[in-house]
Amino acid sequence: MPRYAAKRTLPAPVETVWEVLAEPARWAEWWPDLATAEPTVRRALAPGALWQIEGTNRPTMLRRPLSSGSLLILDVVPLRRVAFQLAGDRLEVELELEPVTGDDETVATLAVDAPRFGGVRRTVASDALAKLAALVREPRE
């Protein structure tokens, strides 16, 4: 399986980044081609939690849209790591966070394992981190 990875410094402390990750409804704001994410159980961001997801359904000539179906949370280390699986697309994803000492920044490393010829863009990891950076940069009202 090919692995697509990216690393980016996010313009927010790790606590702010984690607040976004801990809220399933906000995942559509940063994960590419995701329209909605809703946990099926109360413990939304915990190992074993299962979420129902809907893709945006915007195919192009070179890529199919994100499938609807389920997202399974595989591992969570609060303020440090979240790993999940997008079952319909057979994607395995790991997001690592590292606070930057003395700054209000966080280094995020995202790795996506995807099936060969599965329609996943090579830029999926960098696209997701760019959207996450923009999201945590904006003040919430």
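A 6.0 Å sphere centred on NZ of Lys7 holds no more than 12 heavy atoms belonging to other residues, nucleotides or ligands. For Glu15, the CD atom counts as densely surrounded, since its 6.0 Å shell holds more than 12 non-hydrogen atoms of other residues, nucleotides or ligands.
When the side chain to side chain contact (heavy atoms under 4.5 Å, CB included) test is applied to Ala5, the partners found at least two apart in sequence or on another chain are Ala111. Here Gln52 pairs with nothing under the side chain to side chain donor-acceptor pair (under 3.5 Å) rule; sequence neighbours left out.
Contact annotation: the side chain of Thr109 never approaches that of Leu95 to less than 4.5 Å [non-hydrogen atoms, C-beta and beyond]. Looking at Val93 and Trp31, their side chains come closer than 4.5 Å, going by heavy atoms from C-beta outward. Side-chain contact check for Leu97 versus Trp18: some heavy-atom pair is nearer than 4.5 Å. Residues Trp27 and Leu45 form a side-chain contact, since some pair of their non-hydrogen atoms from C-beta on lies under 4.5 Å apart. In this structure the side chain of Trp51 reaches within 4.5 angstrom of the side chain of Ile73, judged on heavy atoms. In this structure, Val76 and Pro78 have side chains that are in contact, with non-hydrogen atoms separated by less than 4.5 Å.
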>> Using side-chain contact (heavy atoms from CB on, under 4.5 Å), reason through Val107 and Val100 one step at a time and then give a plain yes or no.
In response: CA-CA 7 Å; Val107 175; Val100 176; 3.7 Å; yes
>> Run Val112 and Glu92 through side-chain contact (heavy atoms from CB on, under 4.5 Å) and show every step you take.
In response: CA-CA 6 Å; Val112 180; Glu92 300 274 338; over 6 Å; no
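In this structure, CG in Leu21 is found 5.5 Å from CH2 in Trp30, a value given to the nearest 0.5 Å. The distance from atom CG of Asp33 to atom CD of Glu54, rounded to the nearest 0.5 Å, is 13.5 Å. Note that CZ of Phe84 is 9.0 Å distant from CG of Leu74, once rounded to the nearest 0.5 Å. With rounding to the nearest 0.5 angstrom, the CD atom of Glu98 is 12.0 Å from the CD atom of Glu105. In this structure, the separation between CZ on Arg81 and CD on Glu94 is 4.5 Å, given to the nearest 0.5 Å. Remark: Thr36 OG1 to Leu34 CG distance equals 6.5 Å, nearest 0.5 Å.
Here the closest non-hydrogen pair linking Thr106 and Ala12 is OG1-O, 2.8 Å. Contact detail for Leu10 and Leu129: the closest heavy-atom pair is CD2-O, 3.9 Å. For Val124 against Pro32, the heavy-atom pair with the smallest separation is O-CG, 3.9 Å. Nearest heavy-atom pair, Ala22 versus Pro24, reported as atom, atom and distance to 0.1 Å: O-CD, 3.3 Å. The heavy-atom pair separating Gly48 from Leu72 by the smallest distance is O-CD1, 3.8 Å. Nearest heavy-atom pair, Val136 versus Pro11, reported as atom, atom and distance to 0.1 Å: CG2-CD, 4.0 Å.
Between Glu96 and Arg80 there is no salt bridge, since no side-chain N of the basic residue sits under 4.0 Å from a carboxylate O of the acidic one.
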